[in-house]
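Both counts, for ligands and for their atoms, begin at 1 and track the order of listing.
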Amino acid sequence: MKKLIAVLLVVVMIAGILAGCGAKKSGGTLTMGTNAEFPPYEYYEGDKIVGIDAEIAAAIADKLGMELKIEDMAFDAIIPAITSGKIDMGMAGMTVTDERKQSVDFSDSYATGVQAVIVAENSAITSVDDLSAGGLTIGVQSSTTGDLYMTWDLEDPGLATVQRYNKGADAVQALVTGKVDCVVIDNEPAKAFVEANPGLKILPTAYTEEDYAIAFAKGNTELQTKVNEALKELIADGTVAKIIDKYIGG
Ligand code: ARG
């Protein structure tokens with residue numbers, strides 16, 4: 001009986017693998033997962049997702065002769081969508097970290113980011129060192145590196161409380177209404193949020209610097225290599241710099 005169940009399990013598994021292969025894209029479509037709450041990397045203009053990542057991805061797809069399809073999802077859903085094969089790659093101002101490298105492979109880096117601290121203009125917090133003063137509530141976008149650093153560096157040792165929001169904009173709204181004392185988020189979205197909300201400012205010292213890259217399923221070296229080659233050409237011919245300048249104004 002045990003043997004029969006084992007054999008049946010194997011048959012079911014093989015059928016599953018075959019079905020998975022059959023459903024795979026023809027190679028014509030490049031499905032990118034992102035979280036379009038992150039200006040200027042990805043955000044909505046009307047019902048279209050635009051931004052640095054969207055444009056670089058379009059240029060990559062163009063080079064590869066593929067049709068780009070962008071799927072918007074929660075930031076913490078991107079890596080699971082990659083590992084389960086729902087999307088071909090994740091591009092979301094995503095920082096390369098050792099923890100993420102355990103579940104996905106990354107492309108070469110195409111941009112750098114900085115974790116910035118947003119406070120109210122009249123805040124008593126004047127430097128990153130003040131974050132560990134004790135008793136502060138820090139707003140972050142859930143599962144981002146801002147969340148991870150604040151959790152490890154400040155919440156775990158009992159130095160601060162971290163409030164996690166689905167969207168960076170929600171964390172900033174919580175700061176506006178005084179529910180949190182500051183928000184830790186990537187520098188460029190921070191600038192966009194501060195511009196949209198009078199009374200806020202970014203601390204002159206940043207928390208940390210990081211590399212953004214595209215994430216693929218572990219072992220999908222075929223796509224990883226193709227994208228890296230396209231990326232290399234787009235960096236060499238100035239396309240990437242031009243796209244970044246267009247949004248960040250270098
Ligand atoms: N760079 C940070 C990270 O990798 C934040 C990225 C958030 N991106 C987004 N599209 N919401 O965790």
*Do you know which two heavy atoms are closest between Asp186 and Gln115, and how far apart they sit?*
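Of all heavy-atom pairs spanning Asp186 and Gln115, the closest is OD1-NE2, 3.0 Å.
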
*Given Phe38, which of Glu188, Lys167, Gln141 fulfils the side-chain contact (heavy atoms from CB on, under 4.5 Å) condition?*
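Running side-chain contact (heavy atoms from CB on, under 4.5 Å) over Glu188, Lys167, Gln141 with Phe38 returns exactly one hit, Gln141.
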
*side chain to side chain contact (heavy atoms under 4.5 Å, CB included) between Glu37 and Phe75: does it pass, once the steps are laid out?*
CA-CA 9 Å; Glu37 306 285 350; Phe75 184 72; over 6 Å; no

*Passes side chain to side chain contact (heavy atoms under 4.5 Å, CB included), Val176 versus Gln173? Steps please.*
CA-CA 5 Å; Val176 169; Gln173 231 28 64; 4.0 Å; yes

*Just how far is it from atom CD of Glu229 to atom NZ of Lys63, taken to the nearest 0.5 Å?*
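Those atoms lie 11.0 Å apart.
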
*asked:* Between Ile70 and Ile214, is there shared hydrophobic-cluster membership here, with clusters defined by ILVMFWY side-chain heavy atoms closer than 4.5 Å?
replied: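 Both belong to a single hydrophobic cluster.
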
Can you produce the list of protein nitrogen or oxygen atoms under 3.5 Å from a nitrogen or oxygen of ligand 1, alongside each distance?
{"from": "ligand 1", "atom 1": "1 (N)", "to": "Gly93", "atom 2": "O", "distance (Å)": "2.8"}
{"from": "ligand 1", "atom 1": "1 (N)", "to": "Thr95", "atom 2": "OG1", "distance (Å)": "2.8"}
{"from": "ligand 1", "atom 1": "1 (N)", "to": "Asp186", "atom 2": "OD2", "distance (Å)": "2.6"}
{"from": "ligand 1", "atom 1": "4 (O)", "to": "Thr95", "atom 2": "N", "distance (Å)": "2.8"}
{"from": "ligand 1", "atom 1": "4 (O)", "to": "Thr95", "atom 2": "OG1", "distance (Å)": "3.2"}
{"from": "ligand 1", "atom 1": "4 (O)", "to": "Arg100", "atom 2": "NH1", "distance (Å)": "2.8"}
{"from": "ligand 1", "atom 1": "8 (N)", "to": "Ala92", "atom 2": "O", "distance (Å)": "2.7"}
{"from": "ligand 1", "atom 1": "10 (N)", "to": "Asn35", "atom 2": "O", "distance (Å)": "2.9"}
{"from": "ligand 1", "atom 1": "10 (N)", "to": "Glu42", "atom 2": "OE2", "distance (Å)": "3.0"}
{"from": "ligand 1", "atom 1": "10 (N)", "to": "Ala92", "atom 2": "O", "distance (Å)": "3.3"}
{"from": "ligand 1", "atom 1": "11 (N)", "to": "Asn35", "atom 2": "OD1", "distance (Å)": "2.7"}
{"from": "ligand 1", "atom 1": "11 (N)", "to": "Gln141", "atom 2": "OE1", "distance (Å)": "3.1"}
{"from": "ligand 1", "atom 1": "12 (O)", "to": "Arg100", "atom 2": "NH1", "distance (Å)": "3.4"}
{"from": "ligand 1", "atom 1": "12 (O)", "to": "Arg100", "atom 2": "NH2", "distance (Å)": "2.8"}
{"from": "ligand 1", "atom 1": "12 (O)", "to": "Thr145", "atom 2": "N", "distance (Å)": "2.7"}

